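Working notes, beginning with the structure itself.
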Amino acid sequence: MQKISSRLNLFTESVIRKMTRISDEYGAINLAQGFPDFNPPIELTEALKTVAETGPHQYEITWGAKKFREELAKKQSKFMGISIDPEKEIVVTCGSTEAMMAAMMTVCNPGDKVIVFSPFYENYAADTILCGAEPIYVPLKPPTFDFDKEELRNAFKKGVKALILCNPSNPTGKVFTKEELQYIADLAQEYDTFVITDEVYEHIVMAPYHHTYIASLPGMFERTISCSSLSKTYSITGWRLGYIISSPDIIDNARKVHDFLTVGAAAPLQAAAVAGLKLPDEYYTGLTKMYTEKRDLFLKGLDNAGLKYTKPNGAYYVMIDISEFPFLSDEDFCIWLAKEAKVAAVPGSSFFKEDVKHLIRVHFAKRNETLNEAIIRLSNIKSLVKKI
Ligand code: GLN
């Protein structure tokens with residue numbers, strides 16, 4: 001019997017998605033996979049009802065419905081400060097997961113090297129391996145998760161094709177400063193490297209931080225493949241709507257990859273999501289305010305529970321330090337936590353290249369009542385541990 005592709009031995013199933021299944025099995029509050037337990041804006045759900053009646057229900061243009069691309073171009077041109085052509089510079093994808101994979105397949109040949117900051121969102125390693133490329137890891141050092149400039153330069157010196165930049169960063173909550181991004185941009189230009197971004201948390205950045213799009217830095221639009229999605233911005237993670245924005249040459253090729261991978265994102269959902277793209281600026285300030293309040297509420301609860309963590313400045317994840325608890329690994333701890341305390345978290349080791357086993361990731365994209373209940377349960381873990 002023939003063997004399946006050897007690439008598949010190089011990575012495991014997603015630990016984040018596995019933790020959702022474990023959470024459901026034990027009836028835990030799912031603070032593992034990052035998605036909200038509240039509804040999207042009413043404009044989107046109303047539009048979805050209308051679309052059910054009026055359609056479209058058939059294929060759209062493979063690289064995205066015209067109206068969707070036009071509204072997306074308007075919104076992103078405003079936020080990114082770059083004029084984006086909806087006809088030439090956008091591919092609409094099935095979530096940013098497909099956007100990242102398509103971006104990687106667009107630029108990488110087998111054997112190419114790709115810089116990945118560690119800790120990293122687990123898809124990047126799988127994406128790299130699936131397109132036959134080799135990840136070169138550069139550590140982001142706790143507690144501030146900064147990179148060492150020389151270490152990054154040394155990675156570029158290895159002759160890399162692309163760098164993956166998750167900003168704001170999942171899982172650390174780091175928001176890269178303009179100065180850090182300029183340093184990366186200078187290296188990318190000096191060493192002729194693409195930058196593939198994952199900016200799905202672009203609108204979840206807490207003051208005094210703010211989001212800088214690396215594509216907007218001088219000379220960077222041509223070499224940046226900006227990937228993002230509507231999932232987190234409009235609380236529609238299940239709609240699987242993402243996109244790539246880049247220069248016409250790159251987009252022309254990314255469209256080919258996307259077409260043969262998926263044909264296209266769901267037509268009715270693209271039509272309904274236009275209502276979200278048209279929301280006024282106040283929507284985005286409201287979103288930031290809501291997540292800032294949720295972060296503060298949640299961190300106060302962690303303080304009261306006596307848990308140690310790193311404060312995030314963006315996205316909606318918190319890394320909690322579990323060194324004080326007597327478990328052999330973060331995975332054992334997370335399974336125990338879901339089963340006994342009824343809170344699901346992601347073992348931190350699934351985000352690190354380095355051997356890190358003392359961190360877990362939780363998220364706060366939940367209704368305040370869910371967060372309050374989760375905090376009560378997390379406050380119990382010290383006494384539950386004593387009973388082991
Ligand atoms: N990005 C979210 C997370 O890190 C959800 C990932 C996913 O499962 N698509 O939890």
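We count ligands from 1, going down the list as the structure has it; atoms in each ligand are counted the same way. When reading the values below, keep in mind they use all heavy atoms of this one structure, side chains included, and skip hydrogens, waters and symmetry mates. Fair warning: this is a prediction, and the values are worked out from it, not measured in the lab.
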Touching ligand 1 at all, K232? Heavy atoms, strictly under 4.0 Å? yes
I'd like to know whether ligand 1 has F35 as a neighbour, heavy-atom separation below 4.0 Å.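 No; F35 lies far enough from ligand 1 that no heavy-atom distance drops under 4.0 Å.
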Once you restrict to heavy atoms under 4.0 Å, what part of [X] touches ligand 1? Side chain, backbone, both or neither.
{"X": "R17", "result": "side chain"}
{"X": "Y316", "result": "neither"}
{"X": "N170", "result": "side chain"}
{"X": "R361", "result": "side chain"}

Ring geometry between [Y] and [X] (parallel below 30°, tilted from 30 to 60°, perpendicular above 60°):
{"X": "Y284", "Y": "F79", "answer": "perpendicular"}
{"X": "W336", "Y": "F333", "answer": "tilted"}
{"X": "Y291", "Y": "F38", "answer": "tilted"}

Using 4.0 Å as the upper bound for N to carboxylate O, is an ion pair formed by R69 and E87?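 Here E87 pairs with R69 in a salt bridge, since their nearest N and O are under 4.0 Å apart.
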Quick test: of every protein heavy atom, which one is nearest to [atom], and how far off is it to 0.1 Å?
{"atom": "atom 8 (O) of ligand 1", "value": "Q33 NE2, 2.6 Å"}
{"atom": "atom 6 (C) of ligand 1", "value": "Y121 OH, 3.0 Å"}
{"atom": "atom 2 (C) of ligand 1", "value": "Y317 OH, 3.2 Å"}

Give a yes/no verdict on a cation-pi contact between K300 and F298, requiring under 6.0 Å between NZ or CZ and the six-membered ring centre and an angle within 45° of the axis. no
Would you verify whether the NZ or CZ of R361 falls within 45 degrees of the ring axis of Y317 while also being under 6.0 Å from that six-membered ring's centre?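 Yes, cation above the ring, under 6.0 Å and within 45°.
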Against heavy atoms of Y201, which atoms of ligand 1 measure under 4.0 Å? 1 (N), 2 (C)
V116 and V138, any side-chain heavy atoms less than 4.5 Å apart: no
Look only at interatomic distance and state if R240 has a nitrogen or oxygen under 3.5 Å from any nitrogen or oxygen of ligand 1.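 No, no N or O pair falls under 3.5 Å.
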For ligand 1, find out whether one of its N or O atoms is nearer than 3.5 Å to an N or O atom of I16. no
E222 and S247: side chain donor to acceptor below 3.5 Å: no
